[in-house]
Structures are given as C-alpha cells and as structure tokens.
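Heads up, the thing below is written out as structure tokens.
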2 protein chains.
Amino acid sequence: MTKSKTSANSNDGEGRIRKENMKKILQAAEKVFAANGFRGATTADIADEAGLPKANIHYYFGTKAKLYRTVIDDIVELWLSSFREISEDDDPASTLADYIRAKMELSQNRPEASRVFANELIRGAPRIKPYLSGDLKEWVDHKASIIDKWIEQGKIAPVDSRKLIFHIWAMTQTWADFEVQWSCILGNENGLQQSDYENATNAIITTVLRTCGLLPTPPRVTDIELPITTQL
Amino acid sequence: MTKSKTSANSNDGEGRIRKENMKKILQAAEKVFAANGFRGATTADIADEAGLPKANIHYYFGTKAKLYRTVIDDIVELWLSSFREISEDDDPASTLADYIRAKMELSQNRPEASRVFANELIRGAPRIKPYLSGDLKEWVDHKASIIDKWIEQGKIAPVDSRKLIFHIWAMTQTWADFEVQWSCILGNENGLQQSDYENATNAIITTVLRTCGLLPTPPRVTDIELPITTQL
DNA sequence: ATTAATCTTGACCATTTGGTCAGATTTTGA
DNA sequence: TCAAAATCTGACCAAATGGTCAAGATTAAT
C-alpha cells in the first residue's frame, strides 16, 4: 500500500543478492569445471573461486550435479542462440565467413565455456546425449540442408555439408580448447595474442571458402559445378 | 653355467609377469584417464579395469601421478614416431594426404590416447608444457619449414603453414575426441562407422588440398602460383 | 520498530580417495 | 629341491570430498 521506499532503486530485480551470488558461483563453476571436468572439480574449489564459503554453494544449487547441469544448460543456450538464422537466399561466402568469425569470437571470449563442453564430450557426453541427438542434430540438419541447396543451385562447389560444419567447429574450437598447445608451439608460452586469433580466423575462412570454391585463389577459378572428386 | 632350462622358451623377455601386468595396467589407465582426466580418475577404477587389486597398481607404478606420466609419455612417443619423415622434394599432395590418413587412423584406432592428450591440454597442460614448447614445437617448426619451401617453389598455393598443420590436427583429432558428438548428429548413437571415418578422411583431404590449390576441383584449376589472398 | 524471509557460515558427518604394509603366494635360478 | 626374488593382496590409514545443519546475521516489508 504505502509506496515502499525502494524495493529496487533501479529495478535490478527481485532477489538481488540471490542473483548476484548465483552469477558469481556460475562463473566460478564454469572456470573450475573447464579446468577439471565434472569429477575432478570440487565444490571447495568452486567456493574459493567464487569467494564464498562452501555451504553457500549448496544453499543456492543443492548439489554439485545440479550446479554442473545449470552450467551446461547455460552454455548450450549461448551456443545455439549466438548465430543468426540463415537461409538459402543468403550469400554463401559472407554467411560462412560471418559464422566462422562468430565462432572464433566465442572461442576467444568464452574459452572456458568451450572447454566445459569439450570435457563433457570427451567423457562420452553422459549427461547431454539427448541434447546432441535432439536440438543439436536438428540445428546441424537444418544448416546442412541450406548448404546442400547452395550446392544444388551451383552457388558453391560440391562438399559434404555436415562434415564441413563439423570441421568448422573443430578448427574454431581448437583455438579455445587447446589454446595452450598452439601458444606453446607459436613460441608464446603465456597465451595467444589478438593477432593470433585474427590470423587463425583468416586461415579458417580461407580454407573453408577454398573448399567451397568461393575464393579465386590458388590458380584462378570460376564458378561452375562439377562432380565431387575427393579421392586422391 | 648350466644351461638354464628356459628363462624364455620364446624369449618374450625378462620379467614376463611384470611386463604383462604393466601392459594391462597401462591400457586400463589410458582408458580411465581418457574418460575422467587425471583428477577424475581413481586408482580403484584403473585397478578394476585392469582386473587387478588396487595395491597391485601401486606395486608397479608407485603413485597415480607416476602412472599418468608413463601413460602420457607413451602417447607422446606414439605421436611423434608414427609419421614418416618428409622432405621438400616429396610430392605435396600425396605427402599431405598420407599424413592426414595416418592421423585419422590414429584417431580411429587409438581414440583414448587422443583423449588423454586432449584432457591434458584442456587443463592447460600442467605436466607437459615443456614437451609442447620443446619437441613438439620443433616438430612443427620443421614440418612448417618444408611446407614453406613448397610454397617458395610454387608447388602449392600460399598458406599459413603452421595454421595448416594446426587445422589438420584439429580436424583429424576431433573424430577421436568428440566422437560421441559426431555420431549423435549423424544419427548413430552407438558410435561411428568405418564409412564415417572414410568419408571424413576424404573430406579433410579435399579441404586441405583445395586450400593448397592442389585439387583441380570446384571450378577447374591449373597449377600456378599467385599472391596470398586471405582477407574476405 | 518489528517480524518474516532470506542469507551466511563454522562445525560436523559419512564416504571416497591415494597410498601403505606385512604377511602370504608364486616364480625363478641353480 | 630349495632358497631368494618377485609378486600378490586384504586390511588399514589419513586426507579430501560432497553434503548437512542449526544457529546467527542481514535484508525486506509494513
């Protein structure tokens, strides 16, 4: 009735404390799960990383398994939502290049998310198989069908569309998952530089566009369709 | 002095029992470490997998860390030894194709080895950084220099040789590390088929050769050298 | 100011974990 | 055959782990 003083001087939401702490915990959890996998991560580590007592983690999330589940679900949502819709009328070259850039930005800005996911996959995806066979499969099927249409329309060279998608993922995610390997080999033990990501992005775009016959590169090239010739 | 009866009826080595058990344990350890990472793996799991009591594992390897170290070292040795030497006089197309095939065979036949390594890298490679910056960097530097010579000689199109190697690794190893993801998306929840590996191998070879301007594909192509054009 | 709801936290517990050990068993070598 | 060397293993331990809880502290709402 009486206009309560605040309740939200800037409407930053009900349960302010709750929201803030859950966020802190989720960020810490992503980091620790990325670095140790589900079994290797400890709630004590997560609590330390979040700067909260361990009991607090359980107050908000119940069990380690539920916390992990939340982290994974957030990542999946990020994954699926962060790429624009595409259609068969889009320009293949710029669409593919944009997609590769977006994935590389994720690798650079959210490497831990990528690693949590990688950990889960390496273990055989015990807790996300349904998602792989469901939403993710649908997503890939849909994108692949568009690529196939591009091929039919003679817009790009014949390629195995699903494998093209897989290999784009492999090349982009490797820069997050195995960052340490690439930085060591490039002679930078302290991590990759901005320029490394830029070069890598360009290299991947080049590879994918050449694969699709979209870059007038090595020897000159024009746009014709021809039978898929793969064997050496 | 007296010619001892056997000591090895078929010379399968001194310490037969020792050798056999260590092998059993190492195989079990590779599996368990691959599936759980170092911290997530338990010596009890490894013992079960090996069919031996836990104390036996410690009898042969001392600590979990030493066992892990041995597993990693074996994998590194396998890695570095399983590709033939190459020289600038070799034919680029067949050399690259052979290399990709060899890597894919490793992915198919020793997926757990690949996953142990992947686990280690995701964690920031705490125990193998020296190897990454040492032997592995040298290996890559050497191969990259040969690719660069091919470019100079006009045998292949201009490419970023190190990134080419990285991306070959990424594309080939993803079929071991993330097998479950690809099989789910391809609609085969029970794992990949022989034909999947074959198709993937061909897709990767195609991609790499097109990247290097070595496949007369999309639109027809002849073998000329031209300036590096990478930006979209 | 008061009270209900929310949040905080040290202490605690049962289970799991890496690792040890001493005594028993098997293998080896002459 | 027989003793030394190697192997085996159940029982055990201290530390770490996921999780609980009850009592206090803080915040929110009137």
Side-chain angles (χ1 to χ4, degrees), chain A residues 1-26 28-29 32-33 35-72 126-127, chain B residues 1-26 28-29 32-33 35-72 126-127:
Chain A
M1 303 356 183
T2 85
K3 182 193 137 267
S4 81
K5 191 189 70 248
T6 77
S7 121
N9 52 14
S10 67
N11 158 327
D12 44 14
E14 300 299 283
R16 198 191 84 256
I17 295 177
R18 187 177 201 80
K19 215 171 238 179
E20 282 175 10
N21 280 343
M22 288 180 82
K23 193 174 167 190
K24 264 192 229 167
I25 294 169
L26 283 171
V32 175
F33 282 132
N36 297 292
F38 177 73
R39 282 185 65 175
T42 71
T43 53
D45 282 349
I46 295 170
D48 280 355
E49 183 70 38
L52 295 169
K54 197 181 63 160
N56 216 315
I57 269 73
H58 288 97
Y59 173 70
Y60 284 109
F61 287 94
T63 66
K64 179 178 153 183
K66 279 188 208 161
L67 172 57
Y68 183 71
R69 186 76 234 180
T70 308
V71 170
I72 288 271
R127 344 182 171 238
Chain B
M1 309 340 185
T2 84
K3 185 193 135 268
S4 78
K5 192 187 69 254
T6 76
S7 122
N9 52 14
S10 68
N11 160 327
D12 43 14
E14 299 301 283
R16 199 190 85 256
I17 295 177
R18 187 174 202 83
K19 215 171 238 178
E20 282 174 10
N21 280 344
M22 288 182 81
K23 193 174 167 190
K24 264 192 228 168
I25 295 170
L26 283 171
V32 175
F33 283 132
N36 297 293
F38 178 72
R39 282 185 64 173
T42 71
T43 53
D45 282 349
I46 295 171
D48 279 356
E49 183 70 38
L52 295 169
K54 196 182 64 162
N56 216 317
I57 270 73
H58 287 97
Y59 172 69
Y60 282 110
F61 288 94
T63 67
K64 180 178 153 183
K66 279 189 210 160
L67 172 57
Y68 182 71
R69 187 76 233 183
T70 308
V71 169
I72 287 272
R127 339 179 177 245

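So that the names make sense, note that chain A is the first sequence line, chain B the second, and so on, each numbered from 1.
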*Under 4.0 angstrom, heavy atoms only, what part of the nucleic acid is B:Ala41 near: base, sugar-phosphate, or nothing?*
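Result for B:Ala41 = sugar-phosphate.
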
*Is the shortest side-chain N to carboxylate O distance from A:Asp45 to B:Arg39 below 4.0 Å?*
yes

*asked:* Do the side chains of A:Lys24 and A:Glu20 get close enough for a salt bridge, i.e. N-O under 4.0 angstrom?
replied: no

In whole Å, what is the span from the [atom1] atom of [X] to the [atom2] atom of [N]?
X	N	atom1	atom2	answer
B:Met22	D:dA6	CE	C1'	14 Å
A:His58	D:dG19	NE2	P	4 Å
B:Glu20	C:dT28	CD	P	10 Å
A:Tyr68	D:dG19	OH	P	15 Å
A:Phe61	D:dG19	CZ	C1'	16 Å
A:Ile17	C:dA5	CD1	P	16 Å
A:Arg39	D:dA16	CZ	P	19 Å
A:Lys19	C:dT6	NZ	C1'	16 Å

_With nearest nucleotide decided by heavy atoms, which residue, A:Gly51 or B:Ala44, maps closer to the 5′ end of DNA chain C?_
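Upstream on the strand: A:Gly51.
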
*Residue whose nearest DNA chain C nucleotide is more 5′ - A:Lys54 or B:Thr42*: A:Lys54

[N] phosphate, OP1 or OP2, under 4.0 Å from [X] side-chain N/O:
X	N	value
B:Asn56	D:dG10	no
A:Thr43	D:dG18	yes
A:Tyr59	C:dT6	no
B:Arg18	D:dA6	no
B:Arg16	C:dT28	yes

*Using modelled atom types only, decide if a donor and an acceptor are shared between the side chain of A:Asn36 and the backbone of A:Val32 within a distance under 3.5 Å.*
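Judged by distance alone, yes, a pair lies under 3.5 Å.
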
*Counting only N and O atoms by type, is there a donor-acceptor contact under 3.5 Å from the side chain of B:Lys64 to the main-chain atoms of B:Ala41?*
yes

*Donor-acceptor pair (no angle test) under 3.5 Å: A:Lys64 side chain, D:dG19 base*: no

*Flag this pair as yes if the NZ/CZ of B:Arg127 is under 6.0 angstrom from the six-membered ring centre of B:Phe38 and inside a 45 degree cone about the axis; otherwise no.*
yes

